[in-house]
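Each remark here refers to the structure printed beneath this line.
In what follows, every heavy atom counts, from backbone to side chain, and hydrogens, waters and symmetry copies are set aside. Each chain gets a letter, A, B and so on, in the order the sequences are listed, and its residues count up from 1. These numbers come from a predicted model, not from an experiment.
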Amino acid sequence: MKGSATRIMMRRVAGAAIALLLSVPLFAFQPSAGQESFKAVPIDQIPPTEQLPAAPLLIAAYAFAWIAVFFYVWTVWRRLNKVETEMRALERRQSHRGEGAPGVNRTSLP
Amino acid sequence: MKKLFVPLTIVTAALFAYAPVAIAGAPYESTMLLVQKIFYFHVPSWMGMYSAIAVCGGASAVHLFKNRPAADRLAVSAAELAVMFGAIGLVTGPLWGRKAWGVWWSWDVRTDMAFLMWLVFVAYLLVRTYGGPGSDKLAAAMGLFGTAVSPFVYVSVNIWRTVHPLNTVVPELIGGSMPGAGLPFAVSSFAFLLLFALLLALRVNLASRQAVLDELYLAEEDGAA
Amino acid sequence: MFFRTALLVLRKDFAIEIKSFELVSTTLFFAVGCVVVFAFALVSFAGEAAAAGRKPEDAAAAILWIALLFAGTLALGRTFERERYGETIRALLLAPAPRPALYVGKLLGILCLLGLTELLLVPLIALLFNAPLLTQLTLLLPLLVFGTVGFAAVGTLFAAMLMRARTRDVMLPILLYPITIPVIIAGVRGTSALLTSPRDEPTAIMWLAILVCFDVVFVTLSLWTFEPLMTE
């Protein structure tokens, strides 16, 4: 059936995305090469923007991006499930009613 | 279109798997250090939103003047994606700006324009959902007008902004002082654009399944009548 | 034929309006109410604002255009509500007249109504805020005219297309405001440039040019899309 290929594919997308979500924080925290040695400065002497810790903001940003994509994929999956269920119910009704009923025109759309 | 699902998913997943490696390997930007790495997801999400807006505008025009349901399905899918990618950009942007420049919202012309375009397409979805019958044409008009107004929004907000005294300046990051940013940025951009194509194909597929279902219902009513 | 139809539609609306003056009086009073509300909300004459150097005149441009925006939105809704209520829209659409001519006729009606509102609001705001609006008419008039045309062009189209929608009252501002933001920006900044003490003519003229471009593009777009939108 056409719909279940989509569903399998969506499961694959979800699985890949979960794996990636878990890997991002691991990678994003590694420092890159080429940093000079830092001089120690007390925290209240640096400018206000520097006093904010960057890591929570970075994590929040990436987390939101992933959550948004996931949420959208989930809504599409949910709606697709609903449509497929209704279509199966409709087909069952057709076949029950069916022999004498006029043929249903199954249009296929791109 | 359906045959592309699996290869697209694999390539997108691979790119997204490589992206964190590339992002972590990119050199720190001199003033913003770690938080600047939000940029690698922030800018590509805007690219996704503008691609979606272009697709929605074109499809809306086609549906409005040629009355093609396939164009309408493409338009509504693109509008949903525009809102989703725009939401990602609108959340990651202030998170980055708060740390990098000290303010949540800097009234930069690009951020303002992105916000306004996002509002236009949220309005598209609202009229689509709550407009009642015939709302596909109404939404198509909104999509077309929204895409047409974008240059005016850019020009007017840009001039409005330069007349006002500014408290922050958003520096150019791409091609600026960061030679090592090219690869991770390219990987992320390509990954997001592929994700856009993939999600668009998915959503259009959902829309066409819904259309088939509607036709089946109509045929059932006609058959029962 | 085209302009005759448009003028006929305009005369029809005039004839209905003259009997009751409902649209005109309520729109005018609403606009005045808006101005008063915004004046009290945004402007303080003494104390902290004066210390911050904010002059009351800066608010005048903003209040003028925002009151026009709100009054215009309500007027648009009620103009087409009248058509819907009397079910005259079907008669209009069945008439052997070019559809865009109907649009132009409706647009002219809205422009007249908003023009009346501006006729009332500009002296009122000049009076309330000591804003030298009346001395700037050579540039203020074009700004008002082209700004109102831009707003009304998109507004008439959207109000017409929403006539049969379910949630038409709230949908009109939802759809209209994001599209007419450039008009508001240009109008307010242009008017405010005229109100600064050495008046800033080049800026006002530049905003006027942007308004003219907007009008050309969006009147054309609206004329173009009126037909497919109304064949529902």
I need the [X] [atom1] to [Y] [atom2] distance, nearest 0.5 Å.
X: N205(B); Y: L80(A); atom1: CG; atom2: CG; result: 6.5 Å
X: E84(A); Y: L206(B); atom1: CD; atom2: CG; result: 9.5 Å
X: L216(B); Y: E86(A); atom1: CG; atom2: CD; result: 11.0 Å
X: E220(B); Y: E91(A); atom1: CD; atom2: CD; result: 11.5 Å
X: L213(B); Y: T85(A); atom1: CG; atom2: OG1; result: 10.0 Å

| said: Quick check on F85(B) against chain A: is it the side chain, the backbone, both or neither that has a heavy atom closer than 4.5 Å? | reply: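 Nothing of F85(B), per the 4.5 Å heavy-atom cut-off to chain A.
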| Is it the case that more than 12 heavy atoms not belonging to F65(B) sit under 6.0 Å from its CZ atom? | yes
| For Y130(B), does the OH atom sit with more than 12 other heavy atoms under 6.0 Å from it, leaving out its own atoms? |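 At most 12 heavy atoms, drawn from other residues, nucleotides or ligands, come within 6.0 Å of this atom.
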| note | Here the pair of heavy atoms bringing A68(A) nearest to I88(B) is CB-CG1, 3.7 Å
| request: Evaluate the side chain to side chain contact (heavy atoms under 4.5 Å, CB included) criterion for residues F41(B) and F64(A): first the C-alpha distance (whole Å), next the side-chain angles of each, then the deciding distance (0.1 Å), finally the verdict. | output: CA-CA 11 Å; F41(B) 264 31; F64(A) 182 80; over 6 Å; no
| message | Is the shortest side-chain heavy-atom distance between R79(A) and R203(B) below 4.5 Å? | response |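 A side-chain contact under 4.5 Å exists here.
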